[in-house]
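Let me begin by presenting the structure, written as structure tokens, before commenting on it.
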Amino acid sequence: MILRDVLEGTSRVVWVSHLSPMASSAQHTRQTMQFVRSLREVARDVPGKRPPVRWNRSEVQHWVKGLEDGKYAHLARWMEWADGATIKHEWRGGFVPRLF
């Protein structure tokens, strides 16, 4: 895959795709979706990189400490309860009161 070197490095990649609802564009839309699916598979196969939803508590704390060069490091101790799956299911009404 052409982008494997980029995805395996420390770079961050954002991919934007356009899908058309027009029947005349169905083939292009299908090809775009297949390409995006292949990008996701490559991103999943990168060693040492797991999606945030799979982070354990210590990985979440490490992430919080590193946000914006440590700007939010003081909040890491309040995140001891949180792993990636928990944060995924929290909503603003439940998450923010736990921090403050």
Side-chain angles (χ1 to χ4, degrees):
M1 175 128 241
I2 296 171
L3 293 174
R4 184 175 295 275
D5 292 337
V6 173
L7 295 173
E8 287 180 350
T10 57
S11 302
R12 290 183 182 208
V13 176
V14 175
W15 188 269
V16 178
S17 300
H18 179 265
L19 304 177
S20 174
M22 306 274 304
S24 61
S25 299
Q27 181 63 28
H28 293 290
T29 296
R30 188 176 10 247
Q31 289 173 346
T32 300
M33 291 174 66
Q34 289 171 345
F35 182 74
V36 170
R37 186 178 300 125
S38 70
L39 282 177
R40 289 181 65 195
E41 290 170 7
V42 169
R44 286 185 188 139
D45 293 340
V46 174
K49 292 189 179 181
R50 294 185 308 149
V53 71
R54 293 188 182 165
W55 289 352
N56 61 35
R57 290 176 177 160
S58 110
E59 289 169 313
V60 169
Q61 287 186 331
H62 179 74
W63 171 72
V64 171
K65 289 177 184 177
L67 284 173
E68 294 188 30
D69 295 324
K71 181 177 180 180
Y72 302 102
H74 65 284
L75 296 176
R77 66 185 175 126
W78 300 106
M79 298 291 291
E80 293 174 350
W81 57 270
D83 60 11
T86 304
I87 290 175
K88 177 184 176 187
H89 295 291
E90 286 288 335
W91 58 93
R92 185 179 174 98
F95 186 71
V96 173
R98 285 188 184 200
L99 292 177
F100 300 103

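Small disclaimer: the values here were computed from a predicted structure and weren't measured. Numbering starts at 1 and runs along the sequence shown.
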Separation of Gln61 CD from Trp63 CH2 (nearest 0.5 Å)
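Taking CH2 in Trp63 and CD in Gln61, the distance rounds to 12.0 Å.
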Enter the distance from Phe35:CZ to Arg37:CZ here, rounded to the nearest 0.5 Å.
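Answer rounded to 0.5 Å: 13.0 Å.
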Specify the closest pair of heavy atoms between Ser17 and Thr32, including all atoms of both residues, with the distance to one decimal.
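Looking at all heavy atoms of both residues, the closest pair is CB-CG2, 3.6 Å.
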Closest approach of Asp83 to Trp55 (non-hydrogen atoms, all atoms of both residues):
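Looking at all heavy atoms of both residues, the shortest contact is CB-O, 3.5 Å.
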Does Lys65 have any salt bridge (charged side-chain N to carboxylate O under 4.0 Å, His left out) partners at least two apart in sequence or in another chain, and if so, which?
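Not a single residue meets the salt bridge (charged side-chain N to carboxylate O under 4.0 Å, His left out) criterion with Lys65.
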Can you list the residues that meet the salt bridge (charged side-chain N to carboxylate O under 4.0 Å, His left out) rule with Glu80, with sequence neighbours excluded?
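Expected list: none.
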Ser25: side-chain contact (heavy atoms from CB on, under 4.5 Å) partners, not counting sequence neighbours
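In terms of side-chain contact (heavy atoms from CB on, under 4.5 Å), with neighbours along the sequence ignored, Ser25 is linked to Ser20, Met22, Thr29.
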Are Met79 and Leu67 connected in the hydrophobic side-chain network, where two residues link if heavy atoms are under 4.5 Å apart?
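Yes, one cluster joins them.
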Do Val64 and Trp78 belong together in a cluster built from hydrophobic side chains that touch within less than 4.5 Å?
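Both belong to a single hydrophobic cluster.
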Can you tell if the side chain of Gln27 reaches within under 4.5 Å of the side chain of Arg30, non-hydrogen atoms only?
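Touching, per the 4.5 Å side-chain cut-off.
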Pairwise side-chain contact, His62 with Glu59, heavy-atom cut-off 4.5 Å (strictly under):
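They are not in side-chain contact.
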